[in-house]
S.K.: 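The structure follows.
Being a predicted model, the structure only gives us computed values, none of them experimental.
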Amino acid sequence: MTQSQSRSQDPASWQTVQPERGGLWIFTGLRDFIDNIANTTPARLALTAYVFAILLFTGLLSLPAASADGSVTPIHQALFTAVSSVCVTGLTVVSTATHWTFFGQLVILLGIFVGGLGALTLASLLALMVSKRLGVRGKLIAQEALNNAGRLGEVGTLLRIVISTSVTIEAILAVAMIPRFLTLGEDFWQAVWHGAFYSISSFNNAGFTPHSDGIVPYEADLWILVPLMLGVFLGSLGFPVMLVLRKHGLNWKKWSLHTKLTIQVSLILLVAGAVLWALMEWDNTNTIANMSFGDKITHSIFASVMTRSGGFNLVDQSHMDSTTRLLSDALMFAGGGSASTAGGIKVTTIAVMFLAIVAEARGDDDVKVYGRTIPEGTMRVAISVIVAGATLVCASAFLLLAISGASLDRVLFETISAFATVGLSTNLSAELPPSGVYVLAILMFAGRIGTITLASALALRQRRQLFHYPEERPIIG
């Protein structure tokens with residue numbers, strides 16, 4: 001008699017197993033589903049993780065306990081706020097300070113923290129929590145998220161370092177700002193809440209503020225502005241860079257090429273953005289013309305830092321000159337570092353394309369920098385990211401122009417701000433009908449998840465070719 005026959009003839013033994021399977025089949029199925037995705041299509045796991053987080057926070061923000069008046073928040077407003085927080089953008093259709101209760105603001109803050117970890121890091125953590133392990137391809141995608149900062153066996157340790165680093169930096173920023181809020185007359189717990197909120201919001205480049213008038217009242221308060229700028233800048237560098245800095249400090253020779261390019265281009269954009277912003281707004285009476293020299297410099301540096309994904313603002317964006325808004329569009333589209341809390345097409349993408357242009361102008365076969373040759377595959381990924389980002393922005397701007405009827409400069413500014421997860425606004429988001437709100441929500445999601453998963457998917461899809469067609473070069477330009 002076979003084992004299966006004896007089992008079928010022994011009802012008692014079958015009944016001892018059936019209740020356990022009946023109670024755990026949902027969790028077993030979920031584990032197998034997550035494990036299968038993690039080991040076959042990790043980019044889809046990142047997408048799944050973000051969708052799940054957005055739906056969860058949308059449901060929480062829709063509860064009456066989340067709104068100040070005790071009513072159910074309309075679904076388009078709750079969804080938009082959830083997407084904006086999880087995608088660390090900062091665009092709002094309702095006032096964060098007046099519409100939401102403490103519970104609602106806490107939900108937003110948790111969304112910012114979760115979303116700031118990054119799509120691939122979040123996906124890897126989801127796989128670890130559900131299936132208790134990462135397969136080889138799951139580890140590869142996590143390693144790609146951390147820019148190959150360690151061996152495959154160290155991925156779990158690196159993920160823990162990412163979370164601990166985030167918490168440590170946010171705690172330091174909060175401790176730096178809490179005393180200032182106390183000296184400004186706030187009670188202890190209110191000062192703690194505001195310090196924690198601003199520290200998490202700044203490091204994750206979210207731009208949400210718990211005050212109805214934002215940080216405008218602190219426009220000359222360096223005790224508040226400096227920690228905000230430091231938090232945004234550090235968050236925009238990315239976890240791979242912070243892991244290298246943590247290991248090697250300021251020893252330039254031991255830095256990886258990614259770290260060198262990220263820090264160098266970030267500093268160039270920071271300085272150039274501050275100088276150009278100051279030149280364009282220096283005599284604008286609607287922004288900084290009537291301020292002292294020191295305040296003008298502070299505003300210029302602050303604007304340059306925040307435009308590249310921070311989202312905090314000291315001046316009304318609609319009062320800036322059109323040339324300044326165009327500069328802001330360019331800085332927002334550039335964004336911050338790869339695998340960071342910043343958005344945009346990323347500074348390394350810009351660096352790779354600039355180096356390719358220089359190599360082509362010189363007639364060099366290879367794209368070289370700092371004693372390294374950049375692979376052709378990396379340049380193809382950079383081109384794909386730029387084209388995909390530009391296409392998303394153009395398509396969304398076209399839709400919003402038709403929906404809102406607003407001017408092109410306002411629509412383009414809002415569209416790039418959403419795609420690059422910056423959060424700066426000319427208040428167009430709050431004026432849009434639900435259809436326009438959904439367009440921006442989709443754009444924020446695509447901007448946060450799209451270019452990252454596209455780059456990772458392309459990086460892992462290296463097929464071996466058995467033959468090559470004859471080369472023929474078309475006319476370019």
Side-chain angles (χ1 to χ4, degrees), residues 118 144-149 165 169 202-203 205 226 229-278 297 300-310 327-362 364 366-383 385-386 389 420-422 451-452 455 459:
E144 178 69 21
L146 299 174
N147 197 50
N148 300 313
T165 301
I169 294 177
S202 62
F203 178 73
N205 282 220
V226 170
M229 287 190 286
L230 286 176
V232 169
F233 185 77
L234 289 175
S236 69
L237 292 178
F239 294 115
V241 173
M242 285 188 283
L243 290 174
V244 171
L245 293 178
R246 173 175 175 158
K247 184 177 182 180
H248 300 296
L250 298 179
N251 190 341
W252 170 270
K253 294 182 179 180
K254 293 186 177 181
W255 285 3
S256 64
L257 178 60
H258 172 78
T259 302
K260 293 177 180 178
L261 291 178
T262 299
I263 294 180
Q264 184 176 17
V265 178
S266 296
L267 291 176
I268 291 173
L269 291 178
L270 172 61
V271 174
V275 171
L276 292 175
W277 197 95
I297 298 300
S300 301
I301 297 175
F302 189 87
S304 181
V305 173
M306 298 304 162
T307 304
R308 289 186 39 246
S309 199
L327 170 67
S328 300
D329 290 342
L331 292 174
M332 289 191 296
F333 191 73
S338 299
S340 72
T341 58
I345 61 172
K346 305 300 187 292
V347 293
T348 45
T349 304
I350 297 173
V352 168
M353 294 310 302
F354 175 78
L355 292 170
I357 293 172
V358 172
E360 188 66 24
R362 291 177 175 175
D364 296 336
D366 296 330
V367 178
K368 304 181 291 292
V369 63
Y370 296 127
R372 298 290 187 270
T373 298
I374 298 177
E376 290 185 3
T378 300
M379 288 183 283
R380 290 198 301 268
V381 172
I383 294 173
V385 169
I386 293 174
T421 67
V422 178
T451 56
I452 300 174

S.K.: In the structure I gave you, are the side-chain heavy atoms of Val369 and Leu257 within less than 4.5 Å of one another anywhere?
M.R.: yes

S.K.: Suppose the criterion is side chain to side chain donor-acceptor pair (under 3.5 Å): which pairs have a residue in residues 348-357, not counting sequence neighbours?
M.R.: Ser338-Thr348

S.K.: Have a look at Thr262 and tell me which of His258, Gln264, Lys260 forms a side-chain contact (heavy atoms from CB on, under 4.5 Å) with it.
M.R.: His258

S.K.: Should the heavy atoms of other residues, nucleotides or ligands under 6.0 Å from CD of Glu376 be counted, would the total exceed 12?
M.R.: no

S.K.: According to side chain to side chain contact (heavy atoms under 4.5 Å, CB included), who are the partners of Val265, at least two apart in sequence or on a separate chain?
M.R.: Leu269, Val347, Ala351

S.K.: Under 3.5 Å, side chain of Ser304 to main-chain N/O of Ala274, donor-acceptor pair present?
M.R.: yes

S.K.: Of all the heavy-atom pairs spanning Arg308 and Ala342, show the shortest one and how long it is.
M.R.: O-CB, 4.2 Å

S.K.: Any chance you could measure Asp366, atom CG, to Leu355, atom CG, to the nearest 0.5 Å?
M.R.: 12.5 Å

S.K.: Which heavy atom of Ser266 sits nearest to which heavy atom of Leu237, and what is that distance?
M.R.: OG-CD2, 4.2 Å

S.K.: Contact between Ile345 and Ile350 at the side-chain level, heavy atoms closer than 4.5 Å - yes or no?
M.R.: yes

S.K.: Once rounded to the nearest 0.5 Å, what's the spacing between atom CE of Met306 and atom OG of Ser202?
M.R.: 7.5 Å

S.K.: Nearest 0.5 Å, please: how far is CG in Leu245 from CG in Leu250?
M.R.: 7.0 Å

S.K.: Determine which pairs satisfy side chain to side chain donor-acceptor pair (under 3.5 Å) with at least one residue from residues 353-362, sequence neighbours left out, and list them in order.
M.R.: Glu360-Arg473

S.K.: Applying side chain to side chain donor-acceptor pair (under 3.5 Å), name anything that partners Thr341, two or more places apart in sequence or on another chain.
M.R.: Asn205

S.K.: Check Met379 against Ile374 and note the closest heavy-atom contact, atom names and distance.
M.R.: CE-O, 4.1 Å

S.K.: Quick check: are there more than 12 heavy atoms from other residues, nucleotides or ligands sitting under 6.0 Å from NZ of Lys254?
M.R.: no

S.K.: Would you say the side-chain atoms of Trp277 pair up with the backbone N or O of Ala272, donor to acceptor, closer than 3.5 Å?
M.R.: no

S.K.: Can you tell me how far the OG1 atom of Thr307 sits from the CG atom of Leu270, to the nearest 0.5 Å?
M.R.: 10.5 Å

S.K.: Excluding sequence neighbours, so at least two apart, what forms ring-ring contact (aromatic ring centres under 6.0 Å, His included) with Tyr370?
M.R.: Trp252

S.K.: Let's go through Leu267 and Phe233 carefully: what are the C-alpha distance in whole Å and the side-chain angles of both, what is the deciding distance for side-chain contact (heavy atoms from CB on, under 4.5 Å) to 0.1 Å, and is it a yes or a no?
M.R.: CA-CA 10 Å; Leu267 291 176; Phe233 185 77; 3.8 Å; yes

S.K.: Determine, step by step, whether Met229 and Ile301 satisfy the side-chain contact (heavy atoms from CB on, under 4.5 Å) criterion, reporting the C-alpha distance in whole Å, the side-chain angles of both residues, the deciding distance to 0.1 Å, and the verdict.
M.R.: CA-CA 9 Å; Met229 287 190 286; Ile301 297 175; 4.0 Å; yes

S.K.: Who pairs with Phe333 by ring-ring contact (aromatic ring centres under 6.0 Å, His included), at least two apart in sequence or on another chain?
M.R.: Phe419

S.K.: If you look at every heavy atom in Ala420 and Met332, which pair is closest and at what distance?
M.R.: CB-O, 3.0 Å

S.K.: Would you say the side chain of Thr259 lies within less than 4.5 Å of the side chain of His248, judging by non-hydrogen atoms?
M.R.: no

S.K.: Passes side-chain contact (heavy atoms from CB on, under 4.5 Å), Ser309 versus Val232? Steps please.
M.R.: CA-CA 8 Å; Ser309 199; Val232 169; 5.9 Å; no

S.K.: OG of Ser328 to CG of Leu276: how many Å apart, nearest 0.5 Å?
M.R.: 10.5 Å

